[in-house]
Amino acid sequence: MGQGSSQFSEEELQDYQDLTYFTKKEVLKAHQKFKALAPEKVGHNRNAKLPMSKIMSCTELRVNPFNDRICKVFSSSRDGDCTFEDFLDMMSVFSEAAPLTVKAEYAFRIFDFDGDDMLGVEDLQQVIERLTGPQHLSDVDTKQLIQNLLEEADLDDDGSLSYAEFEHIISKSPDFTSTFRIRL
Amino acid sequence: MSGSGGADRKSKKGNRAQVWEEAGGEFYQESYPGATTSTSNENADTADAAAHRDAAAHLATMLPSKQAQHTMGKATTRRSRNEGKQSTRKRTGNRSRFNTVRRESNINDVHVSVLPDFAVENIPNEERTWEEIMQIKAMPVNMAQKRELKAKLKSATKLRLQGFEQLKWQRRKFWQRCKSNWKEFYTKLELWQGSLKTIEGNFGIGVVSYFLFVKWLMFLNIIIFALTFFLIVLPSAILEPGQLGQCDPAAEDENNTSIACCADKYQNYTSSNNFFYDLVQGTGWMEKTLLFYGYYTNDIYTLNKEYKLFYDLPFAYLVTALLYFLVSLIAIVKSAARGFRERIIEGEGQFYQYCNLIFGGWDFCIDKLKGAENKHKAIYNEIKGCLEAERLETEKQNRSKKEKCQLLFSRSMVNTGIIVLLLVSMVTIYLVFTLSRSLLREYQKAEKHFLLFFEFMPSLMIVSLNLLLPLLFSFLVTFERYSPIVVVRITLLRTIFLRLSSLGVLGASIYRLVSCDRRNGCNCEEEVPLCWETYVGQQFYKLAVTNALTGIAVTFFVNFPRAMLAKHFENCRFLKFIGEQQFELPNHVLDVVYSQTLCWIGSFYSPLLPAFAVIHCFLTFYVKKFACLINSRPPSQVYRTSRSNYMFMAVLLISFVAAAIAVGYSLAEVKPSRACGPFKGDEPVWNTVKLSFAKLPSWIQGFAFFLGTAGFTMPTIVILLLALYYYNAVTAANRQMVLVLRRQLVLEGHDKQFLLSRLSTIIKQQQQERLKNAIPPPPSEFDTLLPPPPPEVMNSS
């Protein structure tokens, strides 16, 4: 802990505390985790940029089916490689203190595989594929499921979910706040 | 195109758009040149239709609402909503101007808008700036931009606050800092973080909620223990007892013994036993300790003679009992209300089952491979289950009459069978209780182990019934063919009923023993204990100990070997059938709630029992953790946190009500024993309250009596009923409003699609005409709106 605090200046820690949902101790804890991924590189430059494969190998993201999407969404260079600040952003959004709106915003981006700001049928198909893992749903079932999803959520009938519709159903999904969380 | 598509989808959701059906798709199907509606030829237009759709989609990306999503505007609109919720300051023109500028600008333009407007009234003051900095974290941009923004906000000119406002703002900042420091301190203390993370990593949040429940109960027990310790135990231990009334044997005769003489008799009564046996049963030397009710006297301790400070122990005893029930009730209701509020918010309108499953389905805290595999399987099973249930719904409605009769018959048979089982178990407990007493009477000179066994017979009987009957219940419920959720609920209800009724029978047997006309003598019959409250305390103490030990024994000596068998002999199906266990939440919840019920009822008769409950909760956490991680394989069904929390609180509330009724009845109706305790005498305990109430000043008494008269209660009831009706009506109206607005939203969407398709058609028309006339097209703004026409169109013209 002492080593960590000597790396960051007081002003930077205060900045991080103000701009994320973390306290200073949690920021340092996050940095420790980040450093554990590549000790020498981060030792040189505490805000080093680590490749996507390294980030995805950290314990929290290892078995997550959406780990590559998470890295891409939070990476400031949009290619999946994250600096410490990106990592901090990521953990802050997934922390318990983050409000539902922030989580919904990032969840939308994570689920939007083709990046067109709408959750279309292909996006939903990919989400379902990733969720069921090695077991594959039959085509008929997937189609039925997507149809049910759109029936529930697609209010303006355009065949895909816009952000407003997504936020609406998230606010009515009781499990989202408790599952969309990573404990550091 | 949009019209016909819309008509198809509308017919599927007939209910939704019923009111607006008249203004249907047909209204929009005008025939105009170039329109790809039903009037045009199907074959020739497939390519055209595709191009048409692309054009409309391209146009759609230029809508202002879509543009705003790419910029920070979206964040700021939500920010302004958040600000409205969080801050109670009045909005100034400055703030709304600040936000409207942000809404339309890109991140690159932000610094322009943040530059100070040199009109004095528009410069933000320190507090606003600080608030805005605090709001930056909600923005969906990366850290570097956030830091830039913060730096700019900080360096912008701002007004200093004056005087009182300065103080208020400083106080607010200080309060925020305190809160974050407290949060840091609290997370350092937090118990069991590591264990919870391990369980989370393997099983996900649903199972973790159970362990959080155990932790919550432990803290509740700590509070109850603190109450009883500081209000009852400590004063009794520290303060000097007053003088008991003297017993004058000469004045007594056979038929009339005074309370003082009874108390003397009790003090002189000892039962000699082994140290260990006494420890476990609570008799002998343990009986006269602080542990049991019998130790406490009905003294009014003098704290300080000069200032006339008294400590009324009986009153304190009663108040403590009321207090700990009240505290428990408040804690349960607060915890349940949190979940209840969320349920109401989502419950308005429909429950989005599939969306909840897909978007809230994956537990992001799972970090073990095995846990992830199980979660994939669980989600797959749940999806299949939901789709199946949908198909079953239609099947259920098509069930023939004969099948329905059969089902009804089997269900009633099962219910009758279960009621019979419950009655049999209740009778058994009563018989065992009376049997144990008669055996103890008969074999007073027998070996100590036999005596021990006889003493523990009722507790052992209750515990074994609690273990065996639920297995029977889950076997029988398969004949009733309910859906899985209903199966869980019904089994849970039946098991709760079993456990509470066994406690009730125990209580009733004791009641039968001690209630009689006691004008003569100190106790009812010779064999009835002089101090029945201590006897009750001992019974509950024994029951709590048996319960705890059995739980530990079953986990380590029965379930652990089973799990080992299943793991090592994976090929043998029979062993696997016996050995494999799942971590079934309902049963474990019942275990914990049962011990909590014992604590609630027993605490009145044994003030140190909450300490035992605290230790038991602490050990339970580790025992259940062992059972979860090592004995069981992960659950194959998704345990939803929301539903689990609701179930915990509901079960706890039912048990709480039962405990409160039991203790309340004994306070109000049952005569306390004459020989011991703070309430020695012939009047029920509630009399103390009546006496103390009579000591209050007359205006309070008058007020309390007024509250009870008809003149107050009738108007109050009427007003409450009216208020209830009003709020009900408002809720119904709101629900209707939501439906109407939703339908309107659907139609607005159709309108938008129609207009977009018309616009693209018109533009296409223009382009085609221009190409026909071979006029070089003047640069018009419409050129940028459509993608360049595909080559085929140019050739055909």
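For the numbers below, each heavy atom of this structure counts, side chains included, while hydrogens, waters and symmetry mates do not. Lettering follows sequence order; numbering is per chain, from 1. Just so it is clear, the model here is predicted, and its values are computed rather than measured.
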Return the minimal non-hydrogen interatomic distance between [X] and [Y], and the atom names on each side.
X: B:Met139; Y: A:Tyr106; result: O-OH, 4.1 Å
X: A:Leu155; Y: B:Val746; result: O-CG2, 2.8 Å
X: A:Thr59; Y: B:Asp367; result: O-CB, 3.1 Å

What option among [options] has the most heavy-atom pairs under 4.5 Å with chain B?
options: A:Gly133, A:Pro65, A:Ser92; answer: A:Pro65
options: A:Thr20, A:Asn148, A:Val73, A:Ile70; answer: A:Asn148
options: A:Asp89, A:Ile182, A:Leu88, A:Ile128; answer: A:Asp89
options: A:Val127, A:Asp86, A:Leu137, A:Val93; answer: A:Leu137

Verify, without hydrogens or angle tests, whether [X] (side chain) and [Y] (backbone) share a donor-acceptor contact under 3.5 angstrom.
X: B:His376; Y: A:Leu131; value: yes
X: A:Glu152; Y: B:Cys355; value: yes
X: A:Thr179; Y: B:Gly360; value: yes

Got a second to check how far B:Ile379's CD1 is from A:Thr132's OG1, nearest 0.5 Å?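 Nearest 0.5 Å value for the CD1-OG1 distance: 8.5 Å.
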Atom group of A:Phe111 that falls short of 4.5 Å from chain B, counting heavy atoms: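 The side chain, not the backbone.
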Given that the side chain runs from C-beta out, which part of A:Arg62 has a heavy atom under 4.5 Å from chain B: side chain, backbone, both or neither? side chain
Is [X] close to chain A through its backbone or its side chain, or both, or neither, when contacts mean heavy atoms under 4.5 Å?
X: B:Lys368; value: backbone
X: B:Gln193; value: side chain
X: B:Leu196; value: neither
X: B:Leu369; value: both

Does a side-chain N-to-carboxylate-O contact under 4.0 Å join [X] and [Y]?
X: B:Arg147; Y: A:Glu85; result: yes
X: B:Lys150; Y: A:Asp18; result: yes
X: B:Asp363; Y: A:Arg181; result: no

Check: B:Phe359 ring centroid to A:Phe176 ring centroid under 6.0 Å: no
Check the pair A:Asp15 / B:Lys146 against salt bridge (Lys or Arg N to Asp or Glu O under 4.0 Å), numbers first and verdict last. CA-CA 9 Å; A:Asp15 257 359; B:Lys146 284 192 212 168; over 6 Å; no
